[in-house]
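Counting from 1, the numbers follow the sequence of the chain as shown. Both counts, for ligands and for their atoms, begin at 1 and track the order of listing. No hydrogens, no waters, no symmetry mates; every other heavy atom, side chains included, goes into these values.
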Amino acid sequence: MGEESTHRKVALVTGANKGIGRGVAEQLAALGMTVVIGARDPLRGEEAAAAVRAAGGDAHAVTLDVTDRATVQEAARQVEERFGRLDVLINNAGITGSGRVSPEDARDQVPSSVDLDMVRAVFDTNVLGVIAVTNAMLPLLRRSPAPRVVNVSSHAASLTLTSDPDGPFAALLPSAAYAPSKTALTALTVQYAKELRKDGILVNAVAPGFVATDSNNHTGFLTAAQGATVVVRLATLGADGPTAGFFGEEGPLPW
Ligand code: NAI
């Protein structure tokens, strides 16, 4: 372990080989953190880590499939062996589950005709995967002087926003998979925050906005870097920062 790594904050970002997670990894590295890039595909993870290093950051890749317990445990073991602790966990990995890429066009998620296997797969990654990774990393987070957990949710998670027939999200098709999985993730965020508040671990959910990534065939209007900024803000909260919150770039979001 290098001299520097004992002083730098260490952040793990799941699904960080591309998209918003990659943007978050780049920005945390630019702030001086050591970034651990979680990726299912070791080659893609290594490529992303090499790119962050080429830009002057400190980055390492770890093989991590949030639905595969063995890789989650092994990733925790590697972070422990290399850094001895974790300061920031970004639960970013997520899937839409839809054969359609744009949320306006996700007809295969409409509740009355949705395929249950798709719903299971989406919840497995977007919800159970977050529990698995968080619980594996918690012993390492507890060794940090200022641990922060950020769960990447979505505006589509907001029951207030999505139930408003005249609101800005009225055009989104009803979804029995992606949107409720993100609502569950936001709810889970509150429960973790409640348990960990006494330990000084701040846990918040964020909605990055509609970001152009592979998940929506690049139909979003924000760049990955723009979507990453709110995630980074919650990852770098001071001791008096909020916990159990749900935030977008525009501020607190309704549940
Ligand atoms: P993306 O498809 O570009 O990136 C998703 C990342 O998650 C990829 O690196 C992928 O390999 C990884 N991933 C998927 N399943 C995984 C698994 N089982 N284990 C480990 N990694 C896995 O999509 P994007 O848009 O960057 O999504 C990142 C997060 O942001 C997701 O949680 C998504 O739901 C959320 N989000 C995205 C929005 C957008 O407009 N793009 C809007 C709101 C939320």
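A donor and an acceptor atom, one from each side chain of Thr229 and Gln27, are nowhere located under 3.5 Å apart. When only modelled atom types and interatomic distance are considered, Glu195 and Gln191 share no side-chain donor-acceptor pair under 3.5 Å. Looking only at atom types and distance, the side chain of Glu250 has a donor-acceptor partner in the side chain of His155 under 3.5 Å away. Thr14 and Asn92 share no side-chain donor-acceptor pair at under 3.5 Å. Between the side chains of Thr134 and Asn91, at least one donor N or O sits under 3.5 Å from an acceptor N or O. In summary, the side chains of Ser153 and Thr186 do present a donor paired with an acceptor at a separation below 3.5 Å, with no hydrogens or angles considered.
For Thr213, every heavy-atom contact with ligand 1 shorter than 4.0 Å involves the side chain, none the backbone. Counting heavy atoms under 4.0 Å from ligand 1, residue Leu64 touches it through the backbone alone. Residue Arg22 does not touch ligand 1, judged by heavy-atom distances below 4.0 Å. Contact annotation for Ile95 and ligand 1: only side-chain heavy atoms (C-beta onward) come within less than 4.0 Å of the ligand.
Evaluated by nearest non-hydrogen atom to atom 21 (N) of ligand 1, the leading choice among Ala93, Gly38, Gly21, Ala132 is Ala93. For atom 29 (C) of ligand 1, the nearest non-hydrogen atom from the set Ile37, Asn92, Ile20 comes from Asn92. Counting only non-hydrogen atoms, the option in Ser154, Gly248, Ala228, Gly209 that gets closest to atom 42 (C) of ligand 1 is Gly209. With Ala157, Ala207, Ser153, Gly227 as candidates, the residue nearest to atom 44 (C) of ligand 1 on a non-hydrogen basis is Ser153.
For atom 9 (O) of ligand 1, the nearest protein heavy atom (residue, atom name, distance) is Asn17 OD1, 2.9 Å. Val211 N, 2.8 Å is the protein heavy atom nearest to atom 40 (O) of ligand 1.
Annotation: Gly15 places an N or O atom under 3.5 Å from an N or O atom of ligand 1; distance criterion only.
A salt bridge links Arg53 with Glu46; the closest basic N to acidic carboxylate O contact falls under 4.0 Å.
No heavy atom of Arg44 sits closer than 4.0 Å to any atom of ligand 1. Ligand 1 has no atom lying under 4.0 Å from any heavy atom of Gly220.
Rounding to the nearest 0.5 Å gives a distance of 14.0 Å between CZ of Arg44 and CD1 of Ile37.
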